[in-house]
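Below you'll find the structure, written out as structure tokens, and then a few comments.
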Number of protein chains: 2
Amino acid sequence: MKKLPENQILKGDCIEVMRSLPEESVDMIFADPPYNLQLSGSLYRPNNSKVDAVDDEWDKFDSFDAYDRFTRDWLAAARRVLKPSGTIWVIGSYHNIFRVGTALQNMGFWVLNDIVWVKTNPMPNFKGRRFTNAHETMLWCSKDQDARYTFNYEAMKALNDDLQMRSDWTMPICNGGERIKDDNGDKAHPTQKPEALLHRVLLSSTEPGQVVLDPFLGSGTTAAMAKRLGRRWIGIEREDKYIEVAKRRIAAEVPVTDREAIQHTTPKRKEPRIPFGLLVERGMLTPGTVLVSPCKRFTAKVRADGTIISAEHRGSIHQVGAAVQGAPSCNGWTYWQLPTDRTAVPIDAFRQKIRAELH
Amino acid sequence: MKKLPENQILKGDCIEVMRSLPEESVDMIFADPPYNLQLSGSLYRPNNSKVDAVDDEWDKFDSFDAYDRFTRDWLAAARRVLKPSGTIWVIGSYHNIFRVGTALQNMGFWVLNDIVWVKTNPMPNFKGRRFTNAHETMLWCSKDQDARYTFNYEAMKALNDDLQMRSDWTMPICNGGERIKDDNGDKAHPTQKPEALLHRVLLSSTEPGQVVLDPFLGSGTTAAMAKRLGRRWIGIEREDKYIEVAKRRIAAEVPVTDREAIQHTTPKRKEPRIPFGLLVERGMLTPGTVLVSPCKRFTAKVRADGTIISAEHRGSIHQVGAAVQGAPSCNGWTYWQLPTDRTAVPIDAFRQKIRAELH
DNA sequence: CAGGCCGTTGAATCAGACA
DNA sequence: GTGTCTGATTCAACGGCCT
């Protein structure tokens with residue numbers, strides 16, 4: 001039996017390389033396969049600059065069928081090297097994640113969770129034709145329905161202010177100092193994943209000293225975080241330029257020796273923004289309801305889309321409040337009130353009610 | 001051709017009922033199909049044979065296979081009744097949503113967004129062996145890649161405090177007064193969806209008066225909200241007890257009669273088109289007038305036929321604007337300005353004046 | 001040095017009417 | 001169906017530069 005090559009980047013096609021590794025030898029697999037984006041033409045921002053899209057050859061497939069075959073092949077190779085107690089993570093978007101999920105289920109993998117990475121700072125939708133695509137999805141699976149797997153429940157709970165860690169993870173995309181640049185100052189890899197994401201993945205589903213395999217290593221976030229967190233790792237990557245980037249990055253990574261240092265505390269969240277429209281959606285105010293200003297000088301009607309309309313103006317609660325008064329600005333939350341029998345309730349009371357629910 | 005039955009609950013198997021409806025007749029479909037594979041898989045076996053408790057590989061696959069067949073069948077029937085400009089929403093969890101997504105893509109539906117409903121108050125994970133499953137996923141698809149579909153961008157933006165609506169929607173699950181109870185005080189339907197969810201779905205992707213179909217009506221949230229928001233609706237449900245619940249609920253729902261309250265603001269795209277030449281014809285700009293770009297970098301002269309001419313280019317306001325900047329495109333209305341004594345007025349002001357006259 | 005302004009950028013399936 | 005032309009459209013974070 002071949003020995004498992006540890007803490008190395010193996011160059012080559014991940015399917016072939018995985019086939020050459022001993023079976024049932026790794027504890028966890030994190031995979032960020034090509035998403036098969038199927039982009040056509042180029043996209044310009046409102047300021048006429050061009051969006052730097054992922055148009056690399058490695059993301060091009062002839063058809064869904066070709067993509068499905070590719071998916072089944074690499075998943076089969078991954079399944080072979082995974083220990084019976086191991087788990088696999090796969091990240092993707094709506095372009096590919098359903099294909100991946102179906103393949104995983106068909107092969108006998110057991111979905112433990114689908115985790116949603118909610119991006120705090122996604123790219124907006126420039127043409128206004130869809131909802132802003134603001135998340136990606138990760139599937140976390142054990143090898144079989146009855147497999148014993150690792151889940152560090154307490155560590156996750158501690159990471160989340162002593163509440164159970166949920167299936168939605170809110171994190172920024174990778175940019176700023178963390179984003180690796182090449183000599184020209186351009187991004188070294190088009191889809192570098194944030195370290196915080198891998199930190200949580202590794203901490204949740206592996207023990208220190210276990211072996212983590214990333215078959216699509218790319219810029220090496222998985223390996224770097226595995227090294228930092230005291231896990232052994234194996235990376236597979238086909239392209240020399242990415243291997244160089246990852247090698248340098250991993251070499252610069254300093255392992256954490258202090259166990260306690262691993263526990264981050266989550267930063268205090270800001271008070272969540274409550275759009276006025278939420279009150280309408282939740283039925284606290286029905287469309288057509290009439291709001292009044294202090295002393296009932298002005299009235300405005302609530303519309304289904306969360307705008308309000310007065311005799312002469314329409315727009316947000318703030319805009320209309322300012323307009324009727326002829327003021328430069330207005331806090332609509334405290335200005336507009338819902339008339340009741342005797343008195344009137346500022347609409348801010350409803351906002352406070354929603355905020356209270358969130359805690 | 002059969003007439004479309006409107007604002008009714010049709011009793012029966014949704015596949016058969018949809019096959020009996022006229023083709024290309026509904027504007028939007030919202031579907032909440034059953035998704036407990038292990039328990040319901042047997043229900044959809046073609047030969048009606050009962051399956052014993054399933055835990056071996058073969059049965060698991062058989063169950064997925066049966067579910068896939070069921071999914072393809074009802075989606076095919078749904079596709080038939082959907083107008084070419086229509087869209088379909090399907091909600092599910094990781095148990096079934098990958099099967100549904102794959103089927104949708106294979107049938108030619110084009111995924112516009114996957115929307116994540118992030119629950120503020122999910123059921124906790126009691127055993128502490130996984131992350132708290134705190135979300136569900138909705139797929140929103142047009143009928144084809146090139147289909148023209150309805151998306152009320154401005155309404156969604158207004159609902160979200162003038163920021164683009166994102167693909168993650170944070171809302172509580174349906175409980176409290178909204179949750180319908182039966183005579184015993186038990187919940188009348190196991191998976192009643194919150195009204196806020198359907199409010200946003202309907203407002204985003206339908207116009208008032210359009211027809212919405214829900215093939216798995218259940219407790220009737222879709223129909224009730226469609227009625228409230230001035231949309232026509234068709235519900236299909238197999239079980240008498242749910243039909244009773246839904247009927248009572250829908251009857252009690254009071255439509256918003258105020259048209260203004262459910263009408264979203266007209267997007268600029270739909271405003272009447274004003275040719276630039278009209279400004280010249282009306283004498284708002286005389287031939288020979290010189291227009292300037294921002295910061296007066298470029299100038300162009302207005303000609304009698306509504307074209308303009310710069311030092312090196314001639315053509316429409318948009319073409320010349322793009323050409324002088326070397327940009328792929330340009331909105332000439334906001335780019336070109338008429339110089340006045342101290343400042344300059346964008347020519348769009350003249351267009352707005354003409355549009356105002358039209359009202 | 002703090003703070004404001006401006007330019008840049010991120011896995012993107014990103015227009016629609018009319019001839 | 002295809003080609004042509006109008007003209008609508010962005011959020012958060014970071015870094016550099018200026019006051």
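First the proteins, then the strands, lettered A, B, ... as listed; each starts at 1. Everything numeric in this text was worked out from a predicted model, so none of it was measured.
- Within 4.0 Å (heavy atoms only), Cys174(A) reaches no atom of the nucleic acid at all.
- Nucleotide dG7(C): paired with dC14(D) (Watson-Crick or G-U wobble, both distances less than 3.5 Å).
- Between the P atom of dC18(C) and the NZ atom of Lys270(B) lies a distance of 12 Å, rounded to the nearest Å.
- Backbone-only engagement by Leu163(B) is indicated by non-hydrogen atom pairs under 4.0 Å involving sugar-phosphate atoms exclusively.
- Summarising the geometry, the separation between CG on Asp168(B) and C1' on dA12(D) is reported as 14 Å, rounded to the nearest angstrom.
- Residue-nucleotide stacking is not present for Phe126(A) and dC14(C), judged by a side-chain ring centre under 5.5 Å from the six-membered base ring centre and planes under 30° apart.
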Go through the steps to decide whether Tyr94(A) and Trp140(B) satisfy the test ring pair (Phe, Tyr, Trp, His ring centres under 6.0 Å), and finish with yes or no. CA-CA 11 Å; Tyr94(A) 65 83; Trp140(B) 180 45; over 10 Å; no

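- Here dA8(D) is the nucleotide among dT6(D), dA8(D), dA11(C) with the atom lying nearest to any side-chain atom of Arg269(B).
- Under the 3.5 Å distance criterion, with hydrogens and angles disregarded, no donor-acceptor pair is assigned to the side chains of Thr137(A) and Trp117(A).
- For the OP1/OP2 pair of dA11(C) and a distance below 4.0 Å, the side-chain nitrogens and oxygens of Arg179(A) include at least one atom meeting the criterion.
- Annotation: of the two residues near DNA chain C, Ile173(A) and Tyr94(A), the 5′-most nearest-nucleotide partner is Ile173(A).
- Residue Asn36(A) is out of contact with every strand shown, counting any heavy-atom pair closer than 4.0 Å.
- Distance from the side chain of Leu37(A) is smallest to dA11(C) among dT9(D), dA11(C), dT6(D).
- Side chain of Asp168(A) to backbone of Val118(A): no donor-acceptor contact under 3.5 angstrom is found.
- Comparing the same atom, C1', in dG15(D) and in dA11(C) gives a spacing of 23 Å after rounding to whole Å.
- Listed pair Arg129(A) / dG16(C) meets the phosphate criterion, a side-chain N or O lying under 4.0 Å from OP1 or OP2.
- A salt bridge between Arg273(A) and Asp161(B) is present, with a side-chain N of the basic residue lying under 4.0 Å from a carboxylate O of the acidic one.
- The side chain of Gln319(B) lies closest to dC5(D) when the candidates are dC11(D), dC5(D), dA12(C).
- Heavy atoms of Arg166(B) sit nowhere under 4.0 angstrom from any nucleic acid atom.
- dT13(C): no Watson-Crick or G-U partner with both key distances under 3.5 Å is found in any strand.
- Nearest to the side-chain atoms of Pro46(A) among the listed nucleotides dT6(D), dA12(C), dT10(D) stands dT10(D).
- If you take atom P in dG10(C) and the same atom in dA8(D), they sit 28 Å apart, rounded to whole Å.
- Candidate nucleotides dA12(C), dT6(D), dG10(C) were compared by shortest atom distance to the side chain of His318(B), and dT6(D) ranks first.
- Taking atom NZ of Lys187(A) as the reference point, atom P of dA11(C) lies 6 Å away to the nearest angstrom.
- Annotation: dG7(D) and dT13(C) have their P atoms spaced 27 Å apart (nearest Å).
- For the pair Arg166(A) and Phe131(B), the cation-pi criterion (under 6.0 Å, within 45° of the ring axis) is not fulfilled.
- Within the 4.0 angstrom heavy-atom criterion, base atoms lie near Pro33(A).
- Applying the 90° cutoff around 0 to the glycosidic angle, dT13(C) is assigned syn.
- Rounded to an integer number of Å, the gap from CG of Asn133(A) to C1' of dC11(D) is 14 Å.
- Tyr149(B) approaches Arg129(A) most closely through the heavy-atom pair OH-O, 2.7 Å.
- Atom CZ of Arg45(A) and atom P of dG7(C) are 14 Å apart (whole Å).
- Close to dT6(D), at under 4.0 Å from its OP1 or OP2, lies a side-chain N or O of Ser316(B).
- Atom P of nucleotide dG16(D) and atom NZ of Lys181(A) are separated by 10 Å, given to the nearest angstrom.
- In this structure, Arg148(B) atom CZ and dG1(D) atom C1' are separated by 12 Å, rounded to whole Å.
- Within 4.0 Å (heavy atoms only), Lys119(A) reaches no atom of the nucleic acid at all.
- For His95(A), the listed nucleotide lying nearest its side chain is dT13(C); candidates were dA15(C), dT13(C), dA11(C).
- Checked by atom type, the side-chain pair Ser93(A)/His95(A) shows a donor-acceptor distance below 3.5 Å.
- Heavy atoms of Ser142(B) sit nowhere under 4.0 angstrom from any nucleic acid atom.
- Closest approach to the Gln38(A) side chain among dA12(C), dT13(C), dG10(C) is made by dT13(C) (side chain taken as heavy atoms from C-beta onward).
- Which of dA11(C), dG7(D), dC14(C) sits closest to the side chain of Asp32(A) comes down to dA11(C).
- Within the nucleic acid shown, Tyr153(B) comes within 4.0 Å of sugar-phosphate atoms alone, with no base atom in reach, counting heavy atoms only.
- Side-chain atoms of Asn331(B) lie closest to dA8(D) of the nucleotides dA8(D), dT6(D), dA11(C).
- Computed from coordinates, the Tyr44(A) OH to dT8(C) C1' distance equals 17 Å when rounded to whole Å.
- Between the side chains of Asn106(B) and Arg99(A), at least one donor N or O sits under 3.5 Å from an acceptor N or O.
- Side-chain atoms of Lys127(A) lie closest to dA15(C) of the nucleotides dT13(C), dA15(C), dC11(D).
- Taking the C1' atoms as reference points, dG16(D) lies 15 Å from dC1(C), given to the whole Å.
- When heavy atoms are screened at a 4.0 angstrom cut-off, Ser93(A) is found touching no nucleic acid atom at all.
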